[in-house]
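As structure tokens, the structure follows; a few thoughts come after it.
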Amino acid sequence: MMLANDLKTYYDEVRRYLDCPKDEQDRLLLSVNKQVIELQVDNPNLDYDGIVEFLEEPESLAASLMERLSPDVVQKFKKKKRRLRLSIIACVAVVVVALSTLVIYTSTIQSGVKISEKNTIVIDKDNVPPDIEDAKSYIENYYNQKEIP
């Protein structure tokens, strides 16, 4: 039972290095497992280390298994994987832009920005009505006549 768990861990490690579709990974690892079973039948006392010595390290085994695959299968898989990554990056970018826009919009609304109007009166001393002696009294009269909000 211990050997089965160790082999499962080994196969999982090999799978990490296989850059191909899952069904191809399963097919390749099934062929490796058949070799291991045949090896155990021929050598019943063989332990895990002996099996790994026969199979090589996971990365090396994966490289030799990848050589068995058609270049078209690998190329299609890599293209699909690249498209998936680009799609994920695009989605993340859209979400970041949308959230940034939302944050800016809500912070602008909540900041209490108020638009107000200010009037500036420019008095040309040559155009002051003759009945008002100085500009200050002119302005006071102007505001007294208007209702200020």
Thr106 versus Val103, closest heavy-atom pair with distance: OG1-O, 3.2 Å
Side chains of Leu55 and Ile51 in contact at under 4.5 Å (non-hydrogen atoms): yes
Hydrophobic cluster membership, Val97 vs Ile89, 4.5 Å side-chain cutoff: no
Under 3.5 Å donor-acceptor, Asp47 side chain and Gly50 backbone: yes
Atom pair SG/CZ of Cys20 and Arg27 - distance to nearest 0.5 Å: 8.5 Å
Closest approach of Val32 to Tyr11 (non-hydrogen atoms, all atoms of both residues): CG1-CE2, 3.9 Å
Pairs satisfying salt bridge (charged side-chain N to carboxylate O under 4.0 Å, His left out), at least one member in residues 48-75, at least two apart: none
Contact check, side chains of Leu28 and Leu69, non-hydrogen atoms, under 4.5 Å: yes
Test item: Val73 and Phe77 side chains (from C-beta on) under 4.5 Å apart, heavy atoms: no
Shortest non-hydrogen separation from Tyr17 to Ala62 and the atoms involved: CB-CB, 3.4 Å
All salt bridge (charged side-chain N to carboxylate O under 4.0 Å, His left out) counterparts of Lys81, not counting sequence neighbours: Asp19
Residue list, salt bridge (charged side-chain N to carboxylate O under 4.0 Å, His left out) with Lys8, at least two apart or on another chain: Asp12
Distance, nearest 0.5 Å, that separates CG of Leu61 from CD of Gln35: 8.0 Å
Gln25 side chain to Leu18 backbone, donor-acceptor under 3.5 Å: yes
Distance in Å, Ile37 CD1 paired with Asn33 CG, rounded so as to fall on 0.5 Å steps: 4.5 Å
In one Ile/Leu/Val/Met/Phe/Trp/Tyr side-chain cluster, 4.5 Å: Phe54, Val36: yes
From Asp6 atom CG to Tyr48 atom OH, the distance as rounded to the nearest 0.5 Å: 6.0 Å
